[in-house]
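Reckoned from all heavy atoms, side chains included, excluding hydrogens, waters and symmetry mates. Keep in mind the model is a prediction, meaning the values are calculated, not measured.
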Amino acid sequence: MPRPLGAVLVLALLTSLVTGLVTGATTGLPIGSPPSYAAADEPAWAADLPERTTQVVRTVSSRKYCHKVWCTVTQAWERTGDGGWEKVRELRSTIGSRGWGKQREGDRRSPLGVFDIEVTFTTSSSNPGRMPWRQRRPTSIVSSAAGPNYNTWLEVRGVRSGNRPSMRSGWVLDYNFVRLRPGAGTRPVPGRGSGIFYHTSKPGHRWAPTAGCTQVGNPRQMRWLLTWLRPSAEPRVLQQR
């Protein structure tokens with residue numbers, strides 16, 4: 001005798017429910033939840049990066065260590081084999097004393113956005129890492145003076161502060177068309193800001209604000225960043241609120 005249609009529908013529903021319970025128990029998924037699939041973990045900020053970039057130095061506002069407008073952390077991120085991103089290390093840092101949003105020379109703010117590393121530097125006689133490098137000497141400056149050499153790396157006879165403790169290692173951020181020699185490349189915009197670095201700290205002032213640069217307060221951690229970065233990763237610096 002054929003079963004009533006209603007009984008058939010109830011039996012089918014019960015069979016489906018039992019199958020779902022068994023499957024959930026087997027896979028460890030919550031009962032009734034859709035299956036999960038392995039996927040690359042793509043943070044929102046990665047959308048602003050060049051496609052070939054696999055290393056990022058990301059500095060963001062943070063209240064982890066202090067509550068001032070200049071309190072930040074600097075993170076080292078690397079793309080994983082499946083296309084996602086992994087945070088390799090996080091370091092305490094500081095930015096300009098007035099926070100983010102640089103607009104002009106002397107505003108004591110740090111720039112926002114994605115930047116290239118123009119060149120790394122140390123006061124040592126050889127490159128500790130693999131990135132393009134330049135030795136910073138006592139005579140080294142990036143000029144903030146108005147004129148044809150604005151925002152240009154210069155060696156100035158008589159200057160003796162170029163190798164001060166806070167500038168013994170770091171890099172020049174590609175901000176406002178910084179030049180590594182006079183007249184080379186696009187002219188920087190007059191008054192927009194000059195000499196934006198990532199650098200270390202002077203003794204006793206590891207967590208002090210800057211005039212617009214980013215300061216990785218622990219010199220050993222700045223050194224680690226220099227040895228971690230590699231040209232083949234086409235690294236970028238990302239600065240966010």
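Taken together through direct or relayed side-chain contacts under 4.5 Å among Ile, Leu, Val, Met, Phe, Trp and Tyr, Phe197 and Met131 form parts of separate hydrophobic clusters. Tracing side-chain contacts under 4.5 Å through hydrophobic residues (I, L, V, M, F, W, Y), one reaches Leu229 starting from Leu91; they form part of the same cluster. Note on Tyr175: it does not cluster hydrophobically with Val142, by side-chain heavy-atom contacts below 4.5 Å among ILVMFWY residues. Following chains of ILVMFWY side-chain contacts shorter than 4.5 Å, one can reach Val237 starting from Leu225, so the two form part of one hydrophobic cluster. Note on Val178: it does not cluster hydrophobically with Val189, by side-chain heavy-atom contacts below 4.5 Å among ILVMFWY residues.
Side-chain N/O atoms of Thr59 and Thr74 include a donor and acceptor closer than 3.5 Å. Under 3.5 Å, the side chains of Glu155 and Thr139 contain a donor-acceptor pair of N or O atoms. Side-chain N/O atoms of Tyr198 and Thr120 include no donor and acceptor closer than 3.5 Å. Between Ser61 and Trp100, the side chains place a donor N or O and an acceptor N or O closer than 3.5 Å (distance only, hydrogens not considered). In the model, Arg137 has a side-chain atom that pairs as donor or acceptor with a side-chain atom of Gln135 under 3.5 Å. Looking only at atom types and distance, the side chain of Arg108 has a donor-acceptor partner in the side chain of Ser97 under 3.5 Å away. Using modelled atom types, one finds no donor on one side chain facing an acceptor on the other under 3.5 Å when comparing Thr80 with Trp85. No side-chain donor-acceptor contact under 3.5 Å links Gln103 and Arg109. In summary, the side chains of Glu105 and Ser194 do present a donor paired with an acceptor at a separation below 3.5 Å, with no hydrogens or angles considered.
Side-chain contact between Gln215 and Thr200 is absent, with no heavy atoms from C-beta onward closer than 4.5 Å.
Residues that satisfy the side chain to side chain donor-acceptor pair (under 3.5 Å) test with Gln55, not counting sequence neighbours, are absent from this structure.
Note: Trp45 and Trp77 meet the aromatic proximity criterion, with ring centroids under 6.0 Å apart.
Under a 4.0 Å N-O distance rule, the pair Lys102/Asp107 qualifies as a salt bridge. Using a 4.0 Å cut-off between a side-chain N of Lys or Arg and a carboxylate O of Asp or Glu, Glu118 and Arg179 do not qualify as a salt bridge.
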(message) side-chain contact (heavy atoms from CB on, under 4.5 Å), that's the test. Do Arg79 and Glu42 meet it? Break it down for me.
(response) CA-CA 9 Å; Arg79 192 184 291 274; Glu42 185 78 357; 4.0 Å; yes
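Other residues, nucleotides and ligands contribute at most 12 non-hydrogen atoms within 6.0 Å of the CZ atom of Arg187.
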